[in-house]
Protein chains: 2
Amino acid sequence: MNEKELKKIIKEAGLSFTKPRAAILKLLTREHGPYSADEIFEKLEEGLCDRATLFRTLKQFKEKNILNSIRFDEDFARYEFNHPGHHHHHIICKECSKVIVLDHCFVEEIDQKIELMGYKDVEHKLEFFAICPNCQNK
Amino acid sequence: MNEKELKKIIKEAGLSFTKPRAAILKLLTREHGPYSADEIFEKLEEGLCDRATLFRTLKQFKEKNILNSIRFDEDFARYEFNHPGHHHHHIICKECSKVIVLDHCFVEEIDQKIELMGYKDVEHKLEFFAICPNCQNK
DNA sequence: GTATGTGCAAAGTGTTTGCATTCTT
DNA sequence: AAGAATGCAAACACTTTGCACATAC
């Protein structure tokens with residue numbers, strides 16, 4: 001994603017366009033992740049962004065729906081770019097932690113059932129944990 | 001659950017039967033939760049169990065499959081008693097955090113599809129986040 | 001009696017915050 | 001020039017660990 005597109009996204013969220021924000025967004029639009037704050041920090045060019053700024057930015061991007069956050073059974077959050085209309089799930093290998101994206105959503109109808117129960121604004125998180133083909137041969 | 005049953009579960013897991021472990025297990029078999037370590041600590045009789053022991057016990061119980069842990073979008077884990085054969089999901093209110101249990105599993109067939117993709121030992125976590133009927137009237 | 005578990009206090013992570021300085025608009 | 005964002009260091013919340021004492025078997 002080029003500078004102009006990055007700027008558009010950031011400005012439309014009502015945030016000013018700064019070096020750290022551009023770099024974080026660029027990375028997450030280029031690589032799907034989902035990445036932890038720490039992984040993102042390591043991938044960013046040295047000195048480009050403080051950890052505090054990174055966390056502040058992730059939080060803001062999440063509030064503005066630019067990013068989603070997910071938690072696999074870990075003690076840190078993971079972030080990924082929220083490609084509009086690209087709702088999806090993951091398979092996470094229990095051994096090597098490799099993540100595969102599943103483009104199809106299997107539970108859309110369930111969201112609707114839950115709305116019929118009187119709930120509003122229904123969302124869900126669905127993740128699969130398994131041992132990947134590669135790790136089975138070790 | 002009575003003393004005898006609690007002891008059976010704990011001993012069958014290969015752990016010795018102690019006061020803190022009995023109290024934690026008793027609580028979680030009586031109330032579904034899922035509760036955070038902090039909530040559990042508050043519910044236990046004062047002085048009955050140190051926080052360190054609580055965390056150690058939760059970890060062991062989880063390893064022995066006595067408890068499950070889940071993470072809603074929070075920065076702490078929640079624990080619930082693993083009623084054998086009682087696989088289920090939750091609806092969590094985005095406002096008041098009230099949790100409802102959904103007894104039906106909607107994605108069992110998906111687990112099987114993922115096995116056909118070459119994965120082994122497939123599990124999943126599925127949680128719904130919505131605004132509950134009660135919170136809509138505020 | 002030996003192994004296992006516990007409490008206490010200290011340390012470890014991941015994340016947030018206060019504040020002075022710097023950048024965006 | 002005013003407001004917003006950043007870096008740094010200190011603080012926080014949740015969880016883990018080391019060690020001496022206590023309990024289970």
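Chain identifiers are assigned alphabetically (A, B, ...) following the order of the sequence lines, protein sequences preceding nucleic acid strands; residue numbering begins at 1 within each chain.
For the pair B:Asp38 and B:Leu15, both in contact range of DNA chain D, the more 5′-proximal nearest nucleotide belongs to B:Asp38.
One atom, CZ of A:Arg51, and another, C1' of C:dT13, lie 11 Å apart when rounded to the nearest Å. In this structure, CG of B:Leu54 is placed 16 Å from P of C:dG5, rounded to the nearest angstrom. Protein atom CD1 of A:Ile10 is 18 Å distant from nucleotide atom P of C:dC23, rounded to whole Å. Between the CD atom of A:Glu74 and the P atom of C:dG12 there is a distance of 22 Å, rounded to whole Å.
Using a 4.0 Å cutoff to heavy atoms of chain B, the contacted part of DNA chain D runs 5' to 3' from D:dC14 to D:dC25.
Other residues, nucleotides and ligands place no more than 12 heavy atoms under 6.0 Å from the NZ atom of B:Lys113. The environment of NZ in B:Lys125 is crowded: more than 12 heavy-atom neighbours from other residues, nucleotides or ligands sit within 6.0 Å. By the 6.0 Å contact criterion, CD on A:Glu109 is enclosed, its count of non-hydrogen atoms from other residues, nucleotides or ligands being greater than 12.
Neither side chain, B:His86 nor B:His32, offers a donor N or O lying under 3.5 Å from an acceptor on the other.
A salt bridge links A:Glu12 with A:Lys8: at least one charged nitrogen is closer than 4.0 Å to a carboxylate oxygen.
Residues B:Tyr35 and B:Ile40 share a closest heavy-atom pair of CB-CG1, 3.7 Å.
Just one residue in the list B:Lys62, B:Arg71, B:Arg78 forms a salt bridge (Lys or Arg N to Asp or Glu O under 4.0 Å) with A:Asp73, and that residue is B:Lys62.
Between the side chain of A:Glu45 and the main chain of A:Ala23, no donor-acceptor pair closer than 3.5 Å is present.
Residue-level contact check: A:Leu48 touches the backbone only, with heavy atoms under 4.0 Å from sugar-phosphate atoms and none from bases.
Regarding contacts with the backbone of C:dG5, a side-chain N or O of B:Arg21 is found under 4.0 angstrom from either OP1 or OP2.
The stretch residues 55-68 of chain A touches DNA chain C through A:Phe55, A:Arg56, A:Lys59, each having a heavy atom under 4.0 angstrom from the strand.
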